[in-house]
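Step one of this worksheet: look at the structure below.
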Amino acid sequence: MADKSLLRSIPRVDAILGSPRMAALRGQVPAGQLTDFVRASLARLREEVLSGERDHVAGEDELARDIADDYLARGPHRLRRTINATGVVLHTNLGRAPLGPEVAAHVAEVAQGYSNLEYELGDGARGGRGSYVEGLLRELCGAEDALVVNNNAAAALLMLDTICRGRDVAISRGELVEIGGSFRVPDILARGGARLVEVGTTNKTHPADYERAVAEGAGAILKVHRSNFYMGGFTEEVGLPGLSAIARQAKIPLLFDLGAGLLMPGEALGLPGVPSPRAAIRDGADLVCFSGDKLVGSAQAGIVVGRAELVARLRENPLARALRIDKLSLAALEATLRLSHSRADALGHVPTLRMLSLGREELLARAEALAARVAGELPAFACRVVELEDEAGGGSLPSTLLPGAGVELELAGTPSARLEALLRAAPVPVVCLLRDDRVVLSVRTLQEGDEDEVVRALGRIAGGGAR
């Protein structure tokens, strides 16, 4: 049962707002946001007292300072910067690919004023929204043309609606995947006005299966990369070169939903065999679609590259306007693609590619440095360095585990599940792992400066500030 005297000791909203610390803050931030934040902070404090989680309430001045500091660290917004200590590089729930400082600065510059989004500065005429990135994509992918929309689901829908409406489309039963939520390949085919023709079996599909479907009237072949699961054992599938030969013979288009496209050879990341849009075009795909916020390492976008005449038809489809990309995502994509021209620039300045390229030796050194810092500054924590198996995530490299390292943490008297929850509740939330009933911080996905925030969050927990 809650201590009623504790409840009575919680100050009113106007009392906190009238404190000297809040008075200094009111001149720096919107008053309405600050009031809402104080009200929510006191409501959360009241809930903690009622639930028995909190057995004391700080004095009015101390509480006002804590709330003010919390506001400066946390801000008023629900969508906030979060530290990813899970080792999953493309964590869909945490926003997938983070942007590097150079890319983020370009986005901020474009966001803070007007831009030449659809305006040609050379002749003062109206320009194309995607023209700034389409040329870069043609070069990077070896394609005749390119088009960008708001995500890869949109790209796949636009491709099917434009090229396959009213046609029978041959696809292997082993590629009738669900990508996420309600996005299922058969449903998207239907939405695009195409008729599904399943060929082969779940685990084995042969060239003759496609040839039979084409002979019976299939007007296109669709291949879908199984980017979010892996099939092993007694399996067989037809690669793009084989499918291209069948499609060319029948004079029908070959479409490839790649899902996650890597713009450099996988060997540069220590990941040989990772499919790329350039290789898909080389192997005979007429159109290839893939995501911008997966292995490209940029903002959310759906990219289509391939034959110029087919891309032109996509561009003319009225649906293309409904699916068009936002200017800030375009700015991020352009800046990322420019960095991608140089392997050294990409590995140095595109966080996703840098994280994927890290080896265990370097990660162990980073984990040891973080563990030593925690042990030195926060002796209440017991910590040790552990080896981990990290993941690319985001439906990109389902069969690939990345050799990683991290720091395992314990705090006497605090259950691991509670410690994990307290880290999530920090002003800058820290999302970590629970492994064998131990809290573990993977260092692969920590960005520059994240270690400082981790130590700060742990210090608040050890001092009781987040309890």
Side-chain angles (χ1 to χ4, degrees), residues 1-85 94-95 104 107-108 111-113 374 377-381 411 413-415 417-432 447-467:
M1 186 173 176
D3 186 334
K4 291 184 178 180
S5 64
L6 273 183
L7 287 173
R8 287 193 295 271
S9 70
I10 298 175
R12 300 190 315 275
V13 172
D14 56 355
I16 294 293
L17 288 171
S19 69
R21 182 69 179 89
M22 283 292 175
L25 193 57
R26 279 203 306 272
Q28 306 170 32
V29 300
Q33 287 186 1
L34 188 58
T35 299
D36 290 344
F37 190 85
V38 171
R39 185 175 289 115
S41 299
L42 294 178
R44 188 163 56 248
L45 175 59
R46 194 169 293 109
E47 289 172 5
E48 290 174 359
V49 170
L50 285 169
S51 67
E53 290 182 61
R54 186 178 287 267
D55 57 9
H56 74 284
V57 173
E60 191 173 291
D61 289 342
E62 183 182 349
L63 191 57
R65 285 196 304 273
D66 288 345
I67 293 175
D69 291 344
D70 225 17
Y71 180 91
L72 291 172
R74 196 188 303 269
H77 307 295
R78 293 290 301 277
L79 182 61
R80 294 152 49 198
R81 174 194 169 200
T82 300
I83 292 172
N84 177 7
L94 300 182
V107 173
Q112 288 171 5
V374 172
E377 298 181 26
L378 303 167
F381 284 94
L411 179 62
T414 304
R418 175 63 177 156
L419 178 55
E420 184 269 341
L422 289 172
L423 283 166
R424 280 189 282 109
V428 180
V430 181
V431 179
C432 57
Q447 305 299 295
E448 185 175 353
D450 281 356
E451 288 90 346
D452 295 337
E453 292 295 347
V454 168
V455 171
R456 192 172 294 121
L458 293 173
R460 284 170 54 89
I461 295 168
R467 297 195 184 198

Within the 4.5 Å heavy-atom criterion, are E48 and L6 side-chain neighbours or not? no

Please find the pair of heavy atoms, one from R21 and one from A68, that lie closest to each other, and give the distance. CG-CB, 3.6 Å

Could you tell me whether the side chain of E60 reaches within less than 4.5 Å of the side chain of S19, counting heavy atoms only? no

Nearest 0.5 angstrom please: S9 OG to L63 CG, how far? 9.0 Å

Rounded to the nearest 0.5 Å, what's the gap from CG on N84 to CG on L94? Could you check? 5.0 Å

Residues V13 and R39: closest non-hydrogen pair is CG2-CA, 4.0 Å

Residues D450, R81; criterion salt bridge (charged side-chain N to carboxylate O under 4.0 Å, His left out); working and verdict: CA-CA 11 Å; D450 281 356; R81 174 194 169 200; 2.7 Å; yes

Min side-chain heavy-atom separation L458-L423 under 4.5 Å: yes

Can you name the one residue among I67, I16, L17 that meets side chain to side chain contact (heavy atoms under 4.5 Å, CB included) with L34? L17

Checking R456 now: which residues fulfil salt bridge (Lys or Arg N to Asp or Glu O under 4.0 Å) with it, not counting sequence neighbours? E453

Could you tell me if the side chain of L411 sits less than 4.5 Å from the side chain of L422, heavy atoms only? no

For E420, what residues pass the side chain to side chain donor-acceptor pair (under 3.5 Å) criterion, not counting sequence neighbours? R424

Do L25 and L72 have side-chain heavy atoms sitting under 4.5 Å apart? yes

Any idea which heavy atoms bring D70 and P427 closest together, and the distance? OD1-CG, 3.4 Å

Answer yes or no: are there more than 12 heavy-atom neighbours, outside R80 itself, under 6.0 Å from its atom CZ? yes

